[in-house]
There are 2 protein chains.
Amino acid sequence: MTSAKEPILRDVAAMASVSIKTASRVLNDDPRVAPATRENVRAAMLELGYRPDPAARSLRAGRDLSVGVVVENIGDVFVAALVARIEARLSDAGYQVLITSSHRDPLRERAIVQDFQQRRCAGVIVMPSSETSLVGLRLGTMPVVFVDRVGEFPGSRSVVSDDYALARLATQHLIDHGHRRIAILSDSQKVPTTRDRHAGFQRAMADAGHPVDRALVRDECLDESFVRNAVAELFALETPPTALVATNTRLSLGAVPALHLVQRTETALLAFGDFPMAESLTPAVTVIDHSPHRLGQVAADTLLDRLRGDGTSVETSPIVVPAQLIARGSGELPPRPTAGDSRASVTVDTAGGHT
Amino acid sequence: MTSAKEPILRDVAAMASVSIKTASRVLNDDPRVAPATRENVRAAMLELGYRPDPAARSLRAGRDLSVGVVVENIGDVFVAALVARIEARLSDAGYQVLITSSHRDPLRERAIVQDFQQRRCAGVIVMPSSETSLVGLRLGTMPVVFVDRVGEFPGSRSVVSDDYALARLATQHLIDHGHRRIAILSDSQKVPTTRDRHAGFQRAMADAGHPVDRALVRDECLDESFVRNAVAELFALETPPTALVATNTRLSLGAVPALHLVQRTETALLAFGDFPMAESLTPAVTVIDHSPHRLGQVAADTLLDRLRGDGTSVETSPIVVPAQLIARGSGELPPRPTAGDSRASVTVDTAGGHT
DNA sequence: CTGAAAGCGCTTACAG
DNA sequence: CTGAAAGCGCTTACAG
């Protein structure tokens with residue numbers, strides 16, 4: 001321990017021969033300081049290697065240069081990409097980023113957000129487990145931005161993809177390629193995003209006049225093992241689907257190996273979430289790229305706006321971030337072209353549909 | 001604003017008719033409190049919905065229930081998995097986790113760690129950009145654990161894979177399958193892990209008596225675009241490699257599309273880092289699975305040990321977390337079986353090697 | 001087993 | 001433009 005004690009503001013003030021208050025003013029870029037004084041204080045700070053104490057600062061000031069981020073699971077590839085962008089933006093803006101996973105436990109989620117407020121975070125960005133997960137929480141004036149899923153909180157803003165439209169687009173794409181027995185794999189319908197994606201799917205099917213077989217609707221797929229089971233069951237059906245919509249990145253990453261496992265890679269696949277291997281698979285995977293980077297960027301910028309904000313614009317409607325369909329092959333497969341299965345003809349037969 | 005003011009410890013003390021100090025003792029599980037008093041105070045806390053103020057606490061106590069984590073880039077899939085496990089363990093243990101990306105900027109890395117200390121973090125876990133990145137920093141008694149890469153700091157501990165042995169194993173595996181023109185793709189050799197992987201590669205080649213063609217050693221591959229270039233150049237060589245070692249997850253994810261792009265999927269590939277699609281590709285990808293989950297788990301546990309620690313065990317040798325080779329096909333391809341290239345015979349010719 | 005005082009390092013009103 | 005006082009909410013010695 002050769003290190004001297006950390007310098008504190010008093011030391012800076014002493015060295016610059018000013019009061020501690022003036023030193024504090026310089027620290028906070030208060031304009032009411034004489035230029036010469038400012039320079040003196042700055043020089044002293046530099047010479048002493050002074051760094052302000054965030055705890056003291058936040059205790060007294062009642063706010064802290066940190067932002068809390070609550071996501072479902074930081075280990076998810078989609079989430080990691082989202083968080084990476086959020087973190088980059090916010091730390092560039094001088095905020096310390098606190099990241100915690102909720103693991104979709106609403107109580108945990110509430111507790112985390114409450115703790116962030118307790119820590120005087122300047123704001124929070126939340127990927128909510130349900131619309132109402134934060135309802136009723138006392139957060140004072142701390143701005144809340146929801147990301148990827150619409151959330152409900154007074155004065156909050158949500159940054160999302162147009163899940164309904166994208167699911168409809170995806171489903172329509174498969175319908176356009178002749179499919180009518182289309183299965184949908186999704187997460188729990190408790191999640192707003194998931195619900196909207198189901199609605200878009202249903203709408204496209206209804207518009208095409210295709211019935212939706214309840215057996216082809218598989219929600220509550222929480223991870224790859226659920227997907228594997230669901231896919232196995234789908235292809236054990238008397239009339240299996242000819243196409244599949246996977247409604248999030250995690251499920252898309254599960255669907256590909258699952259189709260391989262049951263040797264049904266001729267099944268059309270439309271996957272939400274782009275991923276690095278999508279182009280290299282056989283067939284290459286058609287995706288809806290609802291860019292996590294863009295979502296993260298917009299969410300961070302929205303929060304920064306509120307933090308700088310005059311508080312004037314109290315716009316609360318969701319911000320919709322654009323996404324696109326990238327056709328690579330799997331989504332353009334016709335109904336069961338290579339099926340060594342007698343039922344294939346049935347499907348092909350009806351593929352024209354009655355629009 | 002219907003919400004009453006947040007209760008503070010004074011309110012709790014008043015309600016329980018004790019001094020603020022006694023309330024504080026209950027909060028900190030100090031045993032020197034009469035059981036009846038303790039119950040009274042606890043009841044008051046519950047009734048008021050009291051939550052302690054972390055800023056005040058840490059300012060006075062000089063420590064905080066938070067742990068700082070510095071990684072290269074939270075958006076990297078390997079890193080995300082690593083961080084997910086660290087976060088899960090530490091938040092279960094009651095710590096708030098602060099995550100920041102260094103983007104491999106040593107100055108930034110030092111500044112972040114210094115800031116964590118400033119914030120009175122109980123400890124830090126660092127994925128260092130180089131061994132010496134923290135050398136000379138004044139961190140007081142804050143424990144430091146390095147993860148994935150060996151780092152240098154007084155009293156610190158590193159949790160790593162045996163990069164040397166794994167790279168040797170990977171290379172040997174390819175040699176065993178008849179290869180001698182083996183290319184290696186890697187990150188910058190400034191990163192300790194990368195250096196060790198190169199050393200293992202060189203050793204395996206030397207042991208087999210195979211010369212290492214300098215043109216087949218491609219370091220400084222920072223992301224997928226570098227990999228794409230490197231692979232293109234490798235296969236533009238007069239005598240291209242018959243096998244490839246990709247030395248980290250990011251590069252592995254880049255190598256597959258790159259091989260597809262140059263239509264060289266018959267090239268043997270041994271990839272560091274398992275990934276979801278590895279089994280579904282053609283050929284399926286043989287990987288070294290140096291589990292990020294296990295690394296994260298051990299790193300978190302190591303830090304928790306130090307935090308609870310009597311400070312007695314000042315073991316500083318690196319902890320090596322086991323990893324395994326998962327053979328799936330790409331690593332077992334013979335030298336250019338399907339090559340429509342006259343030079344293929346040359347390679348096959350020498351494949352027996354002189355051991 | 002319990003308490004009154006002081007203070008962690010800053011910033012907030014309030015003066016001048 | 002500058003400063004002396006008070007205090008953010010808690011915990012640290014020091015007493016009893």
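Residue numbers start from 1 in every chain, and the chains themselves are labelled A, B, ... in the order their sequence lines are given, proteins ahead of strands. Treat the numbers as computed from the prediction; the structure is a model and nothing was measured.
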Side chain to side chain contact (heavy atoms under 4.5 Å, CB included) between A/Leu295 and A/Val159, worked out: CA-CA 7 Å; A/Leu295 280 168; A/Val159 176; 4.1 Å; yes
A/Leu59 or A/Arg25, whichever maps to the more 5' nucleotide of DNA chain C: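 This one resolves to A/Leu59.
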Phosphate-side-chain proximity, B/Ser19 and C/dT2, N/O vs OP1/OP2 below 4.0 Å: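 Answer is no, no contact under 4.0 Å.
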Under-4.0 Å side-chain N/O to phosphate OP1/OP2 contact, B/Thr22 with C/dG3: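 Indeed, a polar side-chain atom of B/Thr22 lies that close.
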Between [X] and [Y], is there a side-chain N and carboxylate O pair less than 4.0 Å apart?
{"X": "B/Arg42", "Y": "B/Asp29", "result": "yes"}
{"X": "A/Asp53", "Y": "A/Arg57", "result": "no"}
{"X": "A/Asp105", "Y": "A/Arg110", "result": "no"}
{"X": "A/Asp64", "Y": "B/Arg119", "result": "yes"}

To the nearest Å, how far apart are [X] [atom1] and [N] [atom2]?
{"X": "B/Arg10", "N": "D/dT11", "atom1": "CZ", "atom2": "P", "answer": "14 Å"}
{"X": "B/Asp11", "N": "D/dG9", "atom1": "CG", "atom2": "C1'", "answer": "11 Å"}
{"X": "A/Ile20", "N": "D/dA4", "atom1": "CD1", "atom2": "C1'", "answer": "11 Å"}
{"X": "A/Ile8", "N": "C/dG7", "atom1": "CD1", "atom2": "P", "answer": "12 Å"}
{"X": "B/Asp30", "N": "D/dC10", "atom1": "CG", "atom2": "P", "answer": "17 Å"}
{"X": "B/Arg63", "N": "D/dT11", "atom1": "CZ", "atom2": "C1'", "answer": "9 Å"}
{"X": "A/Arg120", "N": "C/dG9", "atom1": "CZ", "atom2": "C1'", "answer": "13 Å"}

Those residues of residues 32-57 of chain B lying under 4.0 Å from DNA chain C by at least one heavy atom: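 Listed by number, they are B/Arg32, B/Val33, B/Ala34, B/Thr37.
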Base-pairing mate for D/dA4 - Watson-Crick or G-U, with both contacts under 3.5 Å: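 Partner of D/dA4: none.
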A/Arg51 backbone acceptor or donor facing B/Gln118 side chain under 3.5 Å: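 Yes; judged by distance alone, with no hydrogens or angles, the pair exists.
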B/Arg108 vs B/Thr100, side chain to side chain contact (heavy atoms under 4.5 Å, CB included): CA-CA, chis, key distance, verdict: CA-CA 10 Å; B/Arg108 194 177 149 91; B/Thr100 305; 4.2 Å; yes
Candidates D/dG9, C/dA4, D/dG3 - which lies nearest the side chain of A/Lys21: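 The nucleotide sitting nearest to the side chain is D/dG3.
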Donor-acceptor pair under 3.5 Å, A/Arg60 side chain vs D/dG9 base: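 Per atom types, no contact qualifies.
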